[in-house]
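Each chain gets a letter, A, B and so on, in the order the sequences are listed, and its residues count up from 1.
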Amino acid sequence: MTDLTLPSRKSPGNLRQLAIYLSRDKLALVAALFLALLLLCVLLGPLLVGEQAAKLGLRQRNLPPFSVQQGWLYVLGADTLGRPILARLIVGAQKTLTIAAAAVLCSMIVGGTLGLIAGYSERWYSHVIQRLADVIMSFPSLLLALIVLYTLGPSMLNLIIVLAITRMPIFIRTARAEVLELRERMFVSAARSMGASSTRILLRHIAPLALPTLVTIAAIDFATVILTESALSFLGLGIQPPDFTWGAMVANGRGYLATAWWIAFWPGLAILLTTLSLNILSSWARTVADPQQRWRLQSLRKTAR
Amino acid sequence: MMLGYIGRRAYHSILSVIGLLTLVFFLTRLTGDPSALYLPLDSSVEAREAFARLNGLDQPLYVQFFQYLRDLLSFDFGESLRQHRSAIDVALEAFPQTLKLAVVAMTLSILLAILVGALAAARPGSLFDRIAGLVSLAGASTPDFWIAIVGILVFAVGLGLLPTSGTGSILHWIMPVFVLMLRPFGLLVQVVRGTMISALASPYIKTAHAKGMKRRKIIFGHALRNSLLPVVTVAGDLTTGLINGAVVVETIFGWPGIGKLMIDSIIQRDFAVVQSTILVTAIAIFIVNIAIDLLYVGLDPRIRY
Amino acid sequence: MMAAGKPILTIDGLTVDFLSEGDPVRAVDDVSFNVCPGETLVILGESGSGKSVSTGTVMGLIDCPPGDIVSGSFMFDGTDLTQLDENGRRELNGRRIAMIFQDPLAYLNPVYTVGRQIAEVFESHEAGEGRAVRDKVIALLERVGIPEAENRIDYYPHQFSGGQRQRVMIAMAIALKPDILIADEPTTALDVSVQAQILDLLRDLQQETGMALIMITHDLQVAAAMADRIIVMNAGRIVEAGKAEDVFKRPEHAYTRRLIAALPHEQSRDTPRPAGRQNETLLRVEHLSKHYALKSGLFSAKREFRAVDDVSFAVQRGETLGIVGESGSGKSSIARMLLRLNEPTSGRAIFAGEDIFTLEGAALNRFRRRVQMVFQDPFGSMNPRMNVRSIISEPWAIHRDILPRPQWNDRVIELLELVGLKAEHAERHPHQFSGGQRQRIAIARALASEPELIVCDEAVSALDVSIQMQVIGLLADLRQRLGLSYIFITHDLPIVRQFADRILVMQQGKVVEENQTEALFASPRHAYTRKLLQAVPQPKWQRENTAVRPA
């Protein structure tokens with residue numbers, strides 16, 4: 001069916017249309033709301049409950065969850081030092097998400113740039129970049145991160161750098177693949193035939209078109225990075241006390257499983273809900289972006305007969 | 001040419017492995033003196049020097065490095081400081097344990113994911129599809145260390161059905177395999193479903209309908225067969241990622257595999273073992289990748305190397 | 001052979017909607033037609049006319065985006081197709097109604113051999129299995145003209161040429177001798193000479209089996225060559241229907257008349273050429289070659305592929321040179337080399353006294369202002385993120401000395417008006433325009449650097465026929481007003497007849513014939529040129545008048 005094109009092709013930048021599509025997928029809507037709430041916690045949480053999160057309370061030690069007698073902050077219970085878990089979750093969210101966001105951003109910018117270069121140029125450094133991506137890719141990222149962090153010391157900066165490096169191959173490869181495809185497109189030939197320089201072609205014609213793909217990958221990768229960071233923190237190689245992330249909270253509670261399960265349970269659940277929300281949203285975004293799938297989110301009205 | 005292709009892959013892999021080993025060599029040696037870890041705190045300066053001399057640690061770093069490379073060429077991977085025997089033996093002893101775990105987890109998750117993904121794609125939007133979608137997203141989003149300790153909490157501590165750690169009976173397999181397959185399963189269901197849906201929308205499916213083929217045959221004969229290609233690609237990447245999971249799972253469940261060995265050796269500064277482990281892992285991953293490329297040729301007649 | 005007896009398929013009052021956000025979009029509106037055994041019905045229409053949708057519904061093949069059959073009945077040999085369940089429909093598909101499609105590479109499963117895919121027709125309808133089916137498949141492949149059928153039955157689709165793949169599709173469709181064959185643009189993706197062979201094959205098979213043929217096409221010449229009866233569709237409606245000869249000779253509806261007027265006619269060149277064509281050579285190409293090294297096997301000698309093989313020609317100032325050839329003839333390679341997008345293996349191209357291929361730096365930039373290119377695909381040749389203003393002003397951004405920035409706006413509007421667009425179009429993005437409009441934008445961009453020579457590489461091939469002529473008209477008009485020279489590259493011989501002064505015919509990298517346009521059409525010297533000219537299909541009614549008809 002050659003002339004079957006989608007009758008109404010709305011431009012993807014249409015925010016209102018996106019909001020309508022979002023409201024049609026209840027699961028994605030809930031995920032978006034959860035992430036919005038989380039963002040709010042990250043921005044305001046430490047101001048509001050930062051003090052309580054660090055406050056030791058002898059009377060509240062290992063306080064079980066689901067009781068508000070000690071105040072609403074204790075609804076999820078308290079840890080072995082009597083600190084309210086809810087407040088610590090809110091404060092931990094900030095570090096967890098900041099590290100992941102910084103790592104993904106670095107990874108995207110550096111990896112994307114390297115990928116653009118590797119795709120457009122055929123000089124020696126293009127091959128070096130690709131081999132570099134192969135080396136990182138061909139080895140389990142967690143092991144690599146463990147070795148580097150153990151030797152260099154687990155500071156926040158090191159953590160971000162290590163996480164960024166382990167995720168970089170994805171961006172290098174994606175950006176390179178995009179460039180390889182884009183540079184064969186006719187408008188690039190057209191620009192070259194007009195005399196445009198390589199820099200102009202890369203910046204004006206290729207990079208803007210490769211960017212959406214990279215951003216999509218970054219969104220999906222965000223969840224992966226959160227999981228990797230949590231695992232590193234769980235293994236004791238994340239950022240060190242007094243700072244903490246959700247992964248470190250799970251590690252802290254691991255020793256008290258039999259007596260106070262909630263200490264390890266809630267932060268893990270927080271990780272799960274965050275990464276799940278991110279994955280649900282990116283799955284929804286894929287549906288919206290796919291012209292063959294998008295109709296599932298549209299309200300289809302048949303002609304009355 | 002197939003052989004030339006494998007040769008090229010092997011050459012790239014060797015480059016990668018040498019790069020990694022070099023990196024690890026310098027990283028590990030830059031950071032700390034293992035004699036501090038291996039000798040009693042109150043041991044004399046002479047004893048420390050003797051220890052360093054014995055293990056070649058008193059030489060300048062570059063001398064140590066060339067010595068190391070020379071040993072590598074004669075298949076001498078050094079001696080484990082901890083266990084006082086050949087480091088490569090230590091690594092090769094642990095490897096089958098991880099291999100067994102990985103093969104079982106990977107096979108199960110691939111088979112299950114193809115079944116679930118194909119059934120979900122056959123009726124997109126159905127109840128089964130929605131449930132499968134959510135479950136698979138959750139699988140891909142769950143922090144493995146957390147689900148592992150929640151598993152221990154429920155099935156070992158709470159219900160007393162399964163052992164907390166170790167190897168031996170079939171019961172010891174259940175939790176490690178389940179935790180390990182969660183992420184690959186989740187990601188693969190997504191991939192299978194996505195490629196199946198686009199395969200079902202592709203023109204050759206229309207031809208099959210026009211031929212009057214049965215729906216079941218179209219789904220499993222034509223669509224699934226074409227969807228296997230991306231599944232194989234992703235499964236390859238997941239195998240590398242599986243080692244990440246193995247580190248966590250083996251640590252928590254006390255499984256004497258390569259992941260646990262790696263963590264232990266890093267913490268104990270047993271360089272030779274760390275490097276042997278890296279070598280063994282890299283070779284295993286290389287073999288898996290070659291196998292996947294060969295599988296690809298078998299699956300897609302258009303591909304020739 | 002005219003139709004006899006009563007219709008085998010009757011469609012009555014078919015209306016189909018596409019469901020989308022908000023109100024449904026009507027794709028087919030109250031369409032009725034029928035077809036009799038042995039008859040060929042052509043459904044003619046441009047893209048978006050609903051012609052494919054009407055026949056897709058016959059086979060139950062509309063799924064995405066969701067289509068909705070609002071009303072209509074399908075009577076096939078006494079059965080109402082709308083009343084059939086999935087199994088009943090399946091029984092008919094492939095056995096009694098079969099279909100072939102435009103792009104056989106996509107419509108064949110890439111991972112199965114063609115033999116297996118044809119055999120599936122027999123297996124799906126319990127018409128035999130194993131060895132017997134294999135023999136039948138080989139016989140079918142032989143019938144549709146696949147050489148060495150016993151071997152090639154085990155080949156995969158990608159190992160066949162485009163024309164052969166369509167033959168494979170046809171073999172699959174006729175396997176069970178269906179009553180109706182629906183052919184949806186079966187020759188659109190093929191070279192003209194291959195197209196003629198496929199059309200011949202379809203006609204022969206129809207003679208043999210007496211099946212009804214429903215053919216969907218946008219190509220008037222194909223329609224004329226095949227049709228007994230014809231339906232013209234526009235925007236989902238039938239605007240005209242009747243015997244083919246009547247519709248072509250005495251079109252009644254305005255839309256049909258416009259389509260037929262757009263056909264390149266043999267009689268007249270409607271644009272009188274400017275009398276004062278200067279006798280000044282603008283471009284002289286000498287012994288131009290482009291060779292590619294082919295990957296060699298372990299033992300075989302190194303081979304090379306000569307995409308362009310020792311080609312020489314010249315373009316006078318104000319002249320239009322047509323370069324005609326089928327795919328693989330090397331015509332586009334020439335364009336890319338002249339624009340310095342690819343480097344030649346050897347040869348020279350003297351433009352205004354300098355060899356293009358040795359230019360570097362500032363000299364190259366100066367040259368690039370003077371020669372511009374219009375590409376085939378108006379969807380692909382413009383950056384989708386840029387608006388029309390940035391697209392047209394890009395040459396000025398690259399060559400800073402053409403035009404000072406404050407004047408850009410006015411000049412963009414001038415250029416838009418020159419190519420028949422409006423000032424307010426400047427703010428829009430390429431996807432908001434139709435194919436023809438986009439090609440006008442591409443022309444405006446080419447004009448922005450005030451070139452002397454414009455190279456058009458299949459510049460109108462992707463457009464609907466009625467639009468093709470408009471764009472060529474625009475190019476001819478600009479030629480007159482601005483004194484431009486063109487190199488017009490195309491696979492479509494009739495199109496250049498109206499436009500080119502001189503024609504170069506290329507085959508497999510070589511120039512096989514070069515002549516003034518009229519002389520070339522009047523007396524083609526080379527066998528290949530004659531083949532190209534004959535490949536332009538002859539109307540069926542003429543063919544039947546000249547051919548000896550079976551008694």
Side-chain angles (χ1 to χ4, degrees), chain A residues 1-14 16-18 20-21 23-24 181-212 288 290-305, chain C residues 15 17-27 45-53 56 61-62 64-68 70-71 101-103 184-185 188 216 336 339-341 364-365 367-369 371-373 375-377 380-386 394-395 397-399 429 431 442 445 449:
Chain A
M1 235 130 294
T2 51
D3 45 9
L4 262 192
T5 44
L6 209 77
S8 69
R9 182 161 288 163
K10 298 270 178 357
S11 71
N14 194 331
R16 246 191 67 193
Q17 192 60 46
L18 281 182
I20 292 173
Y21 286 154
S23 68
R24 298 256 165 73
E181 193 261 318
L182 285 170
R183 73 173 193 182
E184 298 305 320
R185 293 266 281 272
M186 239 185 269
F187 62 83
V188 174
S189 288
R192 268 172 65 204
S193 78
M194 279 185 270
S197 65
S198 292
T199 325
R200 182 180 170 86
I201 287 175
L202 261 182
L203 294 184
R204 191 102 172 87
H205 292 284
I206 291 182
L209 276 100
L211 194 63
V288 173
D290 184 350
Q292 288 193 322
Q293 296 294 320
R294 195 186 302 138
W295 61 270
R296 295 184 197 286
L297 295 169
Q298 295 173 335
S299 87
L300 305 177
R301 215 174 316 145
K302 291 189 179 182
T303 309
R305 64 191 79 145
Chain C
T15 300
D17 281 352
F18 281 141
L19 305 182
S20 74
E21 185 73 45
D23 291 325
V25 177
R26 186 132 299 181
E46 300 189 323
S47 53
S49 62
K51 57 191 195 298
S52 292
V53 182
L61 285 184
I62 300 187
C64 181
D68 175 32
V70 180
S71 63
F101 303 90
Q102 172 174 2
D103 176 10
D184 188 352
E185 302 267 12
T188 304
I216 299 157
R336 293 187 67 86
L339 270 289
R340 283 292 296 273
L341 290 170
L364 179 60
N365 265 344
F367 161 74
R368 291 203 138 132
R369 284 177 49 176
V371 178
Q372 288 290 316
M373 184 147 167
F375 292 83
Q376 168 173 14
D377 177 9
S381 68
M382 277 172 267
N383 187 333
R385 290 299 161 87
M386 287 162 75
E394 184 157 27
I398 294 168
H399 309 285
H429 286 80
H431 71 265
R445 172 174 66 181
S449 64

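Closest non-hydrogen pair, C:Ser381 versus A:Met186, comes out as CA-CB, 3.8 Å. Residues C:Gln372 and A:Met194 come closest through the heavy atom pair OE1-CG, 3.6 Å.
Applying the side chain to side chain contact (heavy atoms under 4.5 Å, CB included) criterion to C:Thr188, with sequence neighbours excluded, gives C:Gln102, C:Glu185, C:His218. Scanning for side chain to side chain contact (heavy atoms under 4.5 Å, CB included) contacts around A:Ala191 gives A:Ala196, A:Ile201, A:His205, C:Glu394, with sequence neighbours left out.
A donor-acceptor pair is defined here as one N or O able to donate and one able to accept, closer than 3.5 Å; such a pair exists between the side chain of A:Arg192 and the backbone of C:Leu341.
Heavy atoms of C:His399 lying under 4.5 Å from chain A belong exclusively to its side chain. When heavy atoms are compared at a cutoff of 4.5 Å, C:Arg445 approaches chain A solely by way of its side chain, counted from C-beta outward.
If you tally non-hydrogen atom pairs under 4.5 Å between each of C:Leu339, C:Asn383, C:Ile398 and chain A, the highest count goes to C:Asn383. Most heavy-atom pairs under 4.5 Å with chain A, from the set C:Gln376, C:Met373, C:His429, C:Met386: that is C:Met386.
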